[in-house]
A.B. asks: 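First the structure, then my questions, so here it is.
Whatever order the structure lists ligands and atoms in, that order sets their numbers, starting from 1.
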Amino acid sequence: MAHDLMDDLEEVLLDERAIATRVAEMGAQISADYYDKDLVLIGILRGAVVFLSDLTRAIPIPHSLDMMGASSYGKSTVSQGFVRITNDVSMDLENKDVLVIEDIYDSGRTLAVVRDMVQAHKPRSIELCAFLWKEVGNRAANLDVKYHGFRIPDKFVVGYGLDYSEHYRNLPVVGVLKPEVYMNR
Ligand code: IMP
Ligand code: MG
């Protein structure tokens, strides 16, 4: 049962140093773009929690944090085609400049639903930010994702907030699981 999760990876795509460097760059870019705005970061639970906690500390200008719950994958590694909002934001977003923080832009369904949900709160602006941009051939929703950390191939990845069956979120790297890990579950 208990073992080192790193041993389950067949390949590491992004190591800690690469992630830290890129998140710092993103924070600097966002700070420059929002220096005269009223920024609120809205993280999407649960995958964006790790990225959000690093990104917020890389943004030295005043801003607020909130969270929204969304669930699309269940236990599978293939997008299931529907998105459930499990909890809405609690902050008043009127006249705020919202930046939605997501772990990965895959089919685009989650970000599309979350963006519409945020829109209903009448913020002054909404932009999207994803830590990973998956190179998907045929996306369900093509969105204008203003910020992303890394482009990755169309593979199922875990770590830095991304899970397989609710594990691996705590891995400090992003990697691809060995095939036998799926088969043993
Ligand atoms: P989308 O709605 O298909 O864009 O998928 C978004 C959600 O699916 C993300 O918030 C992730 O939770 C999950 N997801 C998509 N691709 C991966 C992956 O490669 N590994 C782990 N989770 C993923
Ligand atoms: Mg997930």
A.B. asks: Please state which option from D106, L162, L143 has its nearest heavy atom closest to atom 22 (N) of ligand 1.
C.D. replies: L162
A.B. asks: Has V158 got any heavy atom lying under 4.0 angstrom from an atom of ligand 1?
C.D. replies: no
A.B. asks: In terms of atom number and element, which parts of ligand 1 are under 4.0 angstrom from non-hydrogen atoms of E102?
C.D. replies: 6 (C), 9 (C), 10 (O)
A.B. asks: D163 heavy atoms, cut-off 4.0 Å: which ligand 1 atoms fall inside?
C.D. replies: 21 (C)
A.B. asks: Measure centre to centre between the rings of F131 and Y105, then say whether the value is under 6.0 Å.
C.D. replies: no
A.B. asks: Once you measure the plane-to-plane angle for Y147 and Y34, does it fall in the parallel (<30°), tilted (30-60°) or perpendicular (>60°) bin?
C.D. replies: tilted
A.B. asks: Quick one: which of G108, S71, G47 has a heavy atom closest to atom 4 (O) of ligand 1?
C.D. replies: G108
A.B. asks: Counting from 1, what ligand 1 atoms have a heavy atom of R109 closer than 4.0 Å?
C.D. replies: 2 (O), 4 (O)
A.B. asks: Decide whether an N or O pair under 3.5 Å exists between I104 and ligand 1.
C.D. replies: no
A.B. asks: Give the contacting part of K155 toward ligand 1: side chain, backbone, both or neither, where contact means a heavy-atom distance below 4.0 Å.
C.D. replies: backbone
A.B. asks: Which of the atoms in ligand 1, numbered in the order shown and given with their element, are less than 4.0 Å from a heavy-atom of S107?
C.D. replies: 1 (P), 2 (O), 3 (O), 4 (O)
A.B. asks: Looking only at heavy atoms, what is the nearest atom pair of A58 and A24, with distance?
C.D. replies: CB-CA, 4.3 Å
A.B. asks: Between R22 and W133, is NZ or CZ placed under 6.0 angstrom from the six-membered ring centre and within 45° of the ring axis?
C.D. replies: no
A.B. asks: Given E166 and R46, is the salt bridge (charged side-chain N to carboxylate O under 4.0 Å, His left out) satisfied, shown in steps?
C.D. replies: CA-CA 9 Å; E166 292 304 329; R46 291 177 294 277; 2.4 Å; yes
A.B. asks: Does even one non-hydrogen atom of K134 get within less than 4.0 Å of ligand 1?
C.D. replies: yes
A.B. asks: Return yes if a side-chain donor-acceptor contact under 3.5 Å exists between D8 and H167, otherwise no.
C.D. replies: no
A.B. asks: Over 60° means perpendicular and under 30° means parallel, so classify the ring planes of Y160 and F51, tilted if in between.
C.D. replies: tilted
